[in-house]
Amino acid sequence: MTLSESIPQSPVTLRSLGLEKLDFHSLILDFSAVSFIDTVGTKMLTNVFNEFREIEVEVYIVNCPVSVLRQLENSNFFNENITQASIFASIHDAVSYVSNGQNSESSSLSEITAI
């Protein structure tokens with residue numbers, strides 16, 4: 001057994017690194033203009049989800065065309081960390097979800113960033 005195996009691993013957060021928490025907790029990506037996503041785009045999107053999760057920001061996709069959703073499914077984009085619960089039909093649905101207790105630390109809609 002190595003030293004790293006014997007030490008319990010706790011999740012790394014901004015606070016555990018001595019850094020301040022960001023002023024926003026959610027990022028909403030509007031996919032209404034997206035008509036196609038290839039494997040490079042899927043990998044990039046996976047990186048976006050993972051990188052933002054590391055800094056304690058949840059990412060949501062809204063207005064995703066069915067064809068793009070199928071491409072994401074076929075490329076195994078969804079997994080235990082990125083689920084279809086991150087997909088919403090509209091910006092309103094995502095904002096309602098986030099503001100109704102998903103992120104209880106902040107109740108202000110001004111903290112939500114929509115791109």
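Residue numbers count from 1 along this sequence.
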Output, in order, the C-alpha distance, side-chain angles, deciding distance and verdict of side chain to side chain contact (heavy atoms under 4.5 Å, CB included) for L45 and L72.
-> CA-CA 10 Å; L45 190 58; L72 291 172; 4.1 Å; yes
Hey, mind stepping through I82 and F77 against side chain to side chain contact (heavy atoms under 4.5 Å, CB included) and telling me if it holds?
-> CA-CA 7 Å; I82 304 171; F77 171 73; 3.4 Å; yes
Quick one: do I61 and V68 satisfy side chain to side chain contact (heavy atoms under 4.5 Å, CB included)? Show the steps, please.
-> CA-CA 11 Å; I61 297 173; V68 174; over 6 Å; no
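The two residues L69 and C64 have their closest heavy-atom pair at N-SG, 3.8 Å. Pairing each heavy atom of Q71 with each of I37, the nearest pair is OE1-N, 2.9 Å.
For S90, the side chain to side chain donor-acceptor pair (under 3.5 Å) criterion is met by D93, not counting sequence neighbours. Remark: V62 engages I28, D30, F88, I91, A94 in a side chain to side chain contact (heavy atoms under 4.5 Å, CB included) (not counting sequence neighbours). Partners of D38 under the side chain to side chain contact (heavy atoms under 4.5 Å, CB included) rule, at least two apart in sequence or in another chain, are F36, V40. When the side chain to side chain contact (heavy atoms under 4.5 Å, CB included) test is applied to T83, the partners found at least two apart in sequence or on another chain are A85, S86. Residues satisfying the side chain to side chain contact (heavy atoms under 4.5 Å, CB included) criterion with S67, sequence neighbours excluded, are P65.
Between the CD atom in E58 and the NE2 atom in H25 there is a gap of 10.0 Å [rounded to 0.5 Å]. Summarising the geometry, atom CG belonging to L29 is positioned 11.5 Å from atom CG belonging to N63; distances are rounded to the nearest 0.5 Å.
Contact of the F49 side chain with the N79 side chain is not registered, since no non-hydrogen atoms from C-beta on lie closer than 4.5 Å.
Applying the side-chain hydrogen bond (donor to acceptor under 3.5 Å, both in side chains) rule to pairs touching residues 44-53 yields nothing, sequence neighbours excluded.
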